[in-house]
There are 2 protein chains.
Amino acid sequence: MVRLPRNAPARDGFVTLRPTTKDLAQAAGVSLATVDRVLNGRSGVSASSTEAVHAAIERIGFERNIVAATLARQRGHRFLFALPETSTEFLDVLLDRIAEFRRASMGEMIQIGVLRLDERDPHRAARSLTAISAEDCDGVAIMAAETPQIRDAVQRMRERGINVVSFISNQPEAEGLPFVGIDNAAAGATAGRLMRRFLGPRSGSILVLADTMQGRDSLERRLGFDTIFAGALPQLQVRPTLESYGDPDRTQRVLANAFAAHPDVVGLYLIGMQPQLALATLASRPSAPITIAHERTPSTELALREGRLDAVVHQDPGHLVRSAARILRAQCEKRPILASQERIRIEILIAENL
Amino acid sequence: MVRLPRNAPARDGFVTLRPTTKDLAQAAGVSLATVDRVLNGRSGVSASSTEAVHAAIERIGFERNIVAATLARQRGHRFLFALPETSTEFLDVLLDRIAEFRRASMGEMIQIGVLRLDERDPHRAARSLTAISAEDCDGVAIMAAETPQIRDAVQRMRERGINVVSFISNQPEAEGLPFVGIDNAAAGATAGRLMRRFLGPRSGSILVLADTMQGRDSLERRLGFDTIFAGALPQLQVRPTLESYGDPDRTQRVLANAFAAHPDVVGLYLIGMQPQLALATLASRPSAPITIAHERTPSTELALREGRLDAVVHQDPGHLVRSAARILRAQCEKRPILASQERIRIEILIAENL
DNA sequence: ATCGATTTGAGGTGCGCACCTCAGAATTTT
DNA sequence: AAAATTCTGAGGTGCGCACCTCAAATCGAT
């Protein structure tokens, strides 16, 4: 229990205490009020005063005490996660992590809400977003396919002063929206590389199954996957992407057809969010192809353990949630974000490192 | 900018404001002073009062406001990272992360120091630890091989009231020390599984090179690695562990000898912290074996990109540092730790998911 | 019943900052 | 020059909690 007297001498490898706003005011030769005005971007400060404060900040190495600031700024950030309404295992996991984060961040004065967007009806989804008022909400993390309606809604939200990040599924970067999620092309390439290595010298067809190829994410993953097999690999044929539309029956049907059409299937890449649908179909097949899926869920985890799945390419939902919240918070407080810390890693899971 | 008036009505998916200690005192029918005594584990409270407070905590769902608490408890935690003196690339990366974390946590009133321990001389290392006073330091994360001297020094530190976690290299769990790091047996098994899959139908010898097999970590990794090849794999021979002692010349020598003795080498598992030594030797060989190493460093990253390394099994140094600090802090504040959040993942890196 | 020990309550202080007010100073405009 | 405007400083308040003191109440044992 080390108390920290002001002006504590530097000892060992430790640093001394940090200057406060009072020290800053003194160093800058202005009053606390002016320091406050500069620090919090209030109006009515002359250029020379602003300059003096900034110079003093540099000189004495002032850093705002975030703990005290968030306490004093009796303002809990309210963030919304806008997620698709259709339920998938990955979304369930994500919701769990959001709930977990909500509990953890109550202590930090952050309130978390969830809004479900009707994917089938972009207009309705856009209206849900438009209904969010800046009074109720400081920031929104949006996971939705990019449509003109959504794009407009996002634009209007930002005009209302609500911070927005695009979450997991990337909105076009042109708008300058921060993106929280993995590089899907790299994720696809990762899956492709594993597939190729696991296949070794084997030859045959590789099937690719997506929920739908409408979404940017699936496209990017497929493109990344293909980069690995492009060129000199005549013995491996990556077949056109099959689409399941998240429908168990259709999944069964398209897979059965594909297996019939290509008796030499040696690999199966499950791009989409519902790999368990395909895995269920596959369970009945005798010689299983090398199978790689995305996202760790109870289903994929079990399949990995049971050997029905050879690898899973994953993005950590906990990280996604926390990163989105950190970015939104930084934006609210007009702090810079450390891009390096916010990069979501592409994780590879096999049975041994679960 | 949402202000949070007390007794704010619940809106949307948001939660209402949290009760304060004052509310808690009222609910428990005791005074603020008694609530304070219970919350902070001070003495002189009857069992019945303690009971009443805890019941009230449950009932009204009180949760301490960490922001206010850390501000009021004008006590900056001081934590030390005690690391080996011998420099490796992994340690350099680790030091970078520690420096980064130090900067980031100044705002949270946490001070971070680094202490280097002379590995060659356990007595000297133990003395360095013994010199740490509880006045100067609230917690220590120790990365060191377990020796009787270190064990005793740790014991004495704990008796002095300094919190300790064993860091990266595990001290025996018998002492009830929290451990921050990966399960090395699982990490070894992960490397083994990748090796086996990457080898496919190939047959031959697999070499294993460690810095030294003195450390528990290397032993565990080797054991985990072997589990994958145990039993029905006559075509793959995992050879006895070679030791480099971190010496470039010796590395070169033992590897050259091993390659001479086993012309059929198809795999190379680099257990230790200095894979770059072996990689340098390997660069001159024509047909490279499947090579797997531990820990992402500039060297291993480059080797992955250049194809000289096929996979890296990794533990994130940033996570390690933050997790150690979180655990130490939780111990200082007598808070429980969320074991699930503190599990360090075994990451798999290939060229595509860097 | 008396004494000591234990338990409790009331109250205060301060952490570092955000945010507010209002009066006075410095500057610009008329 | 006066008036209007912009800028500045001094001061206060409160966030939720930790930590402190001191007096009063309660308890147990003799």
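A quick note: this is a predicted structure, and the numbers were derived from the prediction, not measured. Proteins come first, then strands; the chains are lettered A, B, ... in the order of their sequence lines, and each starts at number 1.
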*Take atom CZ of B/R42 and atom P of D/dC20, then tell me their distance rounded to the nearest Å.*
7 Å

_Students often get this wrong, so: under 4.0 angstrom with heavy atoms, is B/A69 touching a base, only sugar-phosphate, or nothing?_
sugar-phosphate

*Looking for any heavy atom pair under 4.0 Å, which part of the strands does A/N40 touch: base, sugar-phosphate only, or nothing?*
sugar-phosphate

*When you measure from the side chain of A/R37, which nucleotide among C/dA18, D/dT8, C/dG9 comes out closest?*
D/dT8

*asked:* Is it the case that atom CD in B/Q26 sees more than 12 heavy atoms from other parts of the structure closer than 6.0 Å?
replied: no

*Give the C-alpha distance, both sets of side-chain angles, the deciding distance and a yes or no for side chain to side chain contact (heavy atoms under 4.5 Å, CB included) between A/F167 and A/L177.*
CA-CA 10 Å; A/F167 191 57; A/L177 269 194; over 6 Å; no

*asked:* Between A/F79 and A/R329, is the side chain to side chain contact (heavy atoms under 4.5 Å, CB included) condition met? List the steps.
replied: CA-CA 9 Å; A/F79 299 142; A/R329 185 172 166 195; 4.1 Å; yes

*Do other residues, nucleotides or ligands put more than 12 heavy atoms under 6.0 Å from the CZ atom of A/R343?*
no

_From CA spacing to verdict: side chain to side chain contact (heavy atoms under 4.5 Å, CB included), A/L95, A/R116_ = CA-CA 11 Å; A/L95 285 170; A/R116 302 303 284 268; 3.4 Å; yes

*Among C/dG16, C/dC17, D/dG9, the one nearest B/L71 by side-chain distance*: C/dG16

*How long is the line joining NZ of B/K22 and P of C/dA10, in whole Å?*
13 Å

*To the nearest Å, how far apart are B/D36 CG and C/dT7 C1'?*
15 Å

*asked:* Please determine whether a side-chain nitrogen of the Lys or Arg among A/R156 and A/E159 lies less than 4.0 Å from a carboxylate oxygen of the Asp or Glu.
replied: no

*A/I66 CD1 to C/dC15 P, straight-line distance once rounded to whole Å*: 19 Å

_Value in whole Å for how far the P atom of C/dA18 lies from CZ of A/R73_ = 6 Å

_Measuring from the side chain of B/A68 (C-beta onward, heavy atoms only), which nucleotide among D/dC19, D/dG16, C/dT8 has the closest atom?_
D/dG16

*Under a 4.0 Å heavy-atom cut-off, which of residues 47-61 of chain B touch DNA chain C?*
B/S49

*What nucleotide, of C/dA10, C/dG16, D/dC17, holds the atom closest to the side chain of B/T21?*
D/dC17

*asked:* Please give the distance between the C1' atoms of D/dT13 and C/dG24 as a whole number of Å.
replied: 22 Å

*Look at the side-chain N and O atoms of A/R64 and state whether any lies under 4.0 Å from the OP1 or OP2 oxygen of C/dA18.*
yes

*Return the nearest nucleotide to the side chain of B/T20; candidates are D/dA18, D/dG9, D/dG16.*
D/dG16

*To the nearest Å, how far apart are B/L24 CG and D/dG16 P?*
14 Å

*Taking the nucleotide of DNA chain C with the closest heavy atom to each, which residue, A/L39 or B/T34, is nearer the 5' end?*
B/T34

_Working note: A/L129 + A/L117, criterion side chain to side chain contact (heavy atoms under 4.5 Å, CB included); need CA distance, chi angles, decisive distance, verdict._
CA-CA 8 Å; A/L129 292 179; A/L117 299 178; 4.1 Å; yes

_Rounded to whole Å, please give me the gap between CG in A/L32 and P in C/dC17._
9 Å

*D/dC19, D/dG9, C/dC19: which one has an atom nearest the side-chain heavy atoms of A/V30?*
D/dG9

_Residue A/A33, side-chain heavy atoms: nucleotide from D/dT8, D/dG9, C/dT8 that is nearest_ = D/dG9

_Taking 4.0 Å as the cut-off, does a side-chain nitrogen or oxygen of A/S46 come that near to OP1 or OP2 on D/dT8?_
yes

*Output yes when B/R345 and B/D316 qualify as a salt bridge under the 4.0 Å nitrogen-oxygen rule, no when they do not.*
no

*Would you kindly give the CG-to-P distance between B/D23 and D/dC15, to the nearest whole Å?*
12 Å

